[in-house]
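Atoms within each ligand, like the ligands themselves, are counted from 1 in listed order.
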Amino acid sequence: MRKKLVAGNWKSNGLLADARSLAQALADGSWSQAVDVAVFPPYVHLAATQAILESSPVILGAQDISPFWVGAFTGEINGAMLADLGCHYVLVGHSERRSLCGDDDDALSRKIERTLSSGLAPILCVGETLEEREGGRARDVVLGQLDSVWKRMDHAAGPQLTIAYEPVWAIGTGHSASPGEAEEVHRWIRTWLVGQMAAAGEATRILYGGSVNGGNAAELFRCQNIDGALVGGASLKIEDFLEIYRHAANSRNK
Ligand code: PEP
């Protein structure tokens with residue numbers, strides 16, 4: 001049985017006071033034991049968010065990690081620092097990092113390795129652009145992104161992965177993939193995971209991300225291979241985020 005996860009990616013939004021008030025609203029929320037919840041504040045708000053969420057079930061994650069270790073790497077935030085701040089998850093390979101910050105296959109593999117060796121759990125984001133989808137290449141692109149990380153990582157750590165399928169054309173556009181479109185890709189990913197890890201591939205969570213909101217979440221969560229959501233914009237509005245979470249809590253875990 002896969003327990004759903006609803007994760008909020010705050011991206012580069014909000015000042016400290018905003019992070020604190022969002023964290024306080026989350027700390028006051030009511031959470032089901034059947035569905036995990038996590039938030040990914042900007043680095044500079046991690047400590048304040050953690051202090052507020054410390055005794056709540058809300059799990060803390062980081063939006064990125066340095067591909068380097070400790071030392072002379074000016075400006076980098078390494079895995080030991082993230083673990084020390086109370087992070088559990090790290091997002092790796094978000095499409096904004098791939099397209100805007102030059103995170104290529106090599107950097108992503110190093111980030112996965114740093115995440116795992118810091119005792120943290122990677123959420124690996126994959127997804128095709130609109131051009132790739134319209135060119136009939138969505139499957140090759142998504143599985144290619146998975147292959148490229150897999151061939152460089154320690155396969156024994158495979159069960160620690162969470163996958164987030166985030167079609168680039170759906171992120172921040174208000175145009176979510178339909179449940180059918182999303183489930184088709186999640187099935188490709190499930191087959192790939194089972195091919196690499198057998199039973200552990202069945203147990204791996206695959207989140208959907210891309211314009212998830214209170215209006216489309218319930219239908220998405222009904223799909224067999226959608227095990228939760230990575231939520232951007234709607235995670236900044238507490239009522240919207242709670243509504244998405246409620247839909248997850250009301251859906252059956254598979
Ligand atoms: C994201 O950035 O991971 C995301 C899914 O954003 P949004 O929900 O705003 O589309």
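Using the six-membered ring where Trp is involved, Trp169 and His175 have ring planes that are tilted, between 30° and 60° apart. The aromatic rings of Trp31 and Tyr245 sit perpendicular, their planes meeting at an angle over 60°, well past the 30° parallel limit.
Under a 4.0 Å N-O distance rule, the pair Arg190/Asp227 qualifies as a salt bridge. Contact check on Arg2 versus Glu202 returns a salt bridge, with a Lys/Arg side-chain nitrogen under 4.0 Å from an Asp/Glu carboxylate oxygen.
Between Ile171 and ligand 1, not a single N/O pair is under 3.5 Å apart. Checked by distance only, ligand 1 and Leu230 stay at 3.5 Å or farther apart across all their nitrogen or oxygen atoms. Considering backbone and side-chain atoms alike, Gly232 places an N or O below 3.5 Å from some N or O of ligand 1.
Contact atoms of ligand 1 toward Gly233: 7 (P), 8 (O), 9 (O) (distance under 4.0 Å to a heavy atom of the residue). Atoms of ligand 1 found under 4.0 Å from any heavy atom of His94, numbered from 1 in the order shown, are 1 (C), 2 (O), 3 (O). Contact atoms of ligand 1 toward Gly210: 5 (C), 10 (O) (distance under 4.0 Å to a heavy atom of the residue). Each of the atoms 7 (P), 9 (O), 10 (O) of ligand 1 lies under 4.0 Å from some heavy atom of Gly172.
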Quick one: do Ile238 and Leu26 satisfy side chain to side chain contact (heavy atoms under 4.5 Å, CB included)? Show the steps, please.
-> CA-CA 7 Å; Ile238 188 67; Leu26 291 164; 3.6 Å; yes
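Looking at Asn9 against ligand 1, only its side chain comes within 4.0 Å, counting heavy atoms. At a heavy-atom distance under 4.0 Å, only backbone atoms of Ala170 (N, CA, C or O) approach ligand 1.
For the residues Gln63, His175, Glu166, the heavy atom positioned nearest atom 5 (C) of ligand 1 is part of Glu166.
Atoms CD1 and OH, from Ile59 and Tyr89 in turn, are 4.5 Å apart once rounded to the nearest 0.5 Å.
Side chain of Arg114 to backbone of Pro67: a donor-acceptor contact under 3.5 angstrom is found.
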